[in-house]
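What follows is a short report on a single structure.
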Amino acid sequence: QGQLVESGGGLVQPGGSLKLSCEASGSISSMDFMAWSRQSPGKQRELVASLTSSGTTYYADFVRGRFTIFRDNDKNTVYLQMNRLTPEDTAVYYCYVDGRATGNGRFKEWGPGTQVTVSS
């Protein structure tokens, strides 16, 4: 049991910023691994950024220095702050959380995706 609810996507002009939010709910106890990926039409899904519960981060080369992944454990929410956006960042962005479920088992869920469009 569980789901991810994403928000924050939309239309932004080149050079602008967006902050994506991903709230994990339903049988979630803790978040161990969090990630954002994206997919554009005709392209394979690519990892954008990831974060572990210990604080280790990973950023794809094409977003390093522009994007920041962080979390709020009390809210079971992971964020992706996106700055200096370019049209090449246009994609559907997906959230993924792997963590501990209440009781036994793991919480592994993908979000439904949120559209980010960078255009003037």
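Computed from heavy atoms alone, side chains included, the values below leave out hydrogens, waters and symmetry copies. Since the structure is predicted, the reported quantities are computational estimates derived from the model, not experimental observations.
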Hey, does Cys22 have a side-chain heavy atom less than 4.5 Å from the side chain of Tyr79? no
Side chain to side chain, Ser30 and Ser53, heavy atoms closer than 4.5 Å: no
Within the distance-only criterion (no hydrogens, no angle test), does the side chain of Gln39 pair as donor or acceptor with the backbone N or O of Ala91 below 3.5 angstrom? no
Side-chain contact, heavy-atom cut-off 4.5 Å: Phe33 with Lys108? no
Should Val78 and Leu47 be regarded as members of a common hydrophobic cluster, given that ILVMFWY residues are connected when their side-chain heavy atoms come within less than 4.5 Å of each other, either directly or indirectly? no
Less than 4.5 Å apart, any side-chain heavy atom of Ser7 and any of Val5? no
Are Tyr58 and Met82 joined in one hydrophobic group, where the rule is that I, L, V, M, F, W and Y side chains link up if heavy atoms are under 4.5 Å apart? no
Salt-bridged, Lys75 to Glu23, with N to O below 4.0 Å? no
Working to the nearest 0.5 Å, report the span between OG of Ser50 and CD1 of Ile69. 6.5 Å
Phe67 side chain near Arg84 side chain, heavy-atom distance below 4.5 Å: no
What one should report as the nearest heavy-atom pair of Arg66 and Asp89 is NH1-OD2, 2.7 Å
Report yes if the distance between the aromatic ring centroids of Trp110 and Tyr96 is under 6.0 Å, otherwise no. yes
When rounded to the nearest 0.5 angstrom, what distance separates OG in Ser17 from NZ in Lys19? 11.5 Å
Carefully, step by step, assess Val92 and Gln115 under the rule side-chain contact (heavy atoms from CB on, under 4.5 Å). CA-CA 4 Å; Val92 177; Gln115 177 70 48; 3.3 Å; yes
Quick one: closest heavy-atom pair of Phe70 and Gln81, and the distance? CE2-CB, 4.1 Å
Might you point out which heavy atoms bring Val118 and Thr86 nearest each other, and give the distance in Å? CB-O, 3.2 Å
To the nearest 0.5 Å, tell me how far Leu51 CG sits from Thr68 OG1. 11.0 Å
Are Tyr59 and Leu18 in one and the same hydrophobic cluster, where Ile, Leu, Val, Met, Phe, Trp and Tyr link if side-chain heavy atoms are under 4.5 Å apart? yes
Looking only at atom types and distance, does a side-chain atom of Ser27 sit under 3.5 Å from a main-chain N or O of Ala101, one as donor and one as acceptor? no
With heavy-atom distances below 4.5 Å as the criterion, would you say the side chains of Ser119 and Leu11 are in contact? yes
Does Gln13, at its CD atom, have more than 12 non-hydrogen atoms belonging to other residues, nucleotides or ligands within less than 6.0 Å? no
Hydrogens and angles aside, do Asp72 and Thr77 bring a side-chain donor and acceptor to less than 3.5 Å of each other? no
Please evaluate residues Leu4 and Phe107 with respect to the criterion side-chain contact (heavy atoms from CB on, under 4.5 Å), reporting the C-alpha separation (whole Å), side-chain torsions for both, the decisive distance (0.1 Å), and the verdict. CA-CA 11 Å; Leu4 302 180; Phe107 179 101; 4.0 Å; yes
If Ile, Leu, Val, Met, Phe, Trp and Tyr residues are connected whenever their side-chain heavy atoms lie under 4.5 Å apart, and connections chain through other members, are Tyr94 and Trp36 in the same group? no
Distance in Å, Tyr93 OH paired with Leu20 CG, rounded so as to fall on 0.5 Å steps: 7.5 Å
Please check: side-chain N/O of Ser120 versus main-chain N/O of Pro14, any donor-acceptor pairing under 3.5 Å? no
Looking at Arg100 and Asp32, is there a salt bridge between them, counting it only when a charged N and a carboxylate O are closer than 4.0 Å? no
What about Met31 and Leu80, same hydrophobic cluster or not, with Ile/Leu/Val/Met/Phe/Trp/Tyr joined at side-chain heavy-atom distances under 4.5 Å? yes
Glu46 side chain near Arg38 side chain, heavy-atom distance below 4.5 Å: yes
What I'd like to find out is whether the side chain of Thr52 reaches to under 4.5 Å of the side chain of Thr57, using heavy atoms alone. no
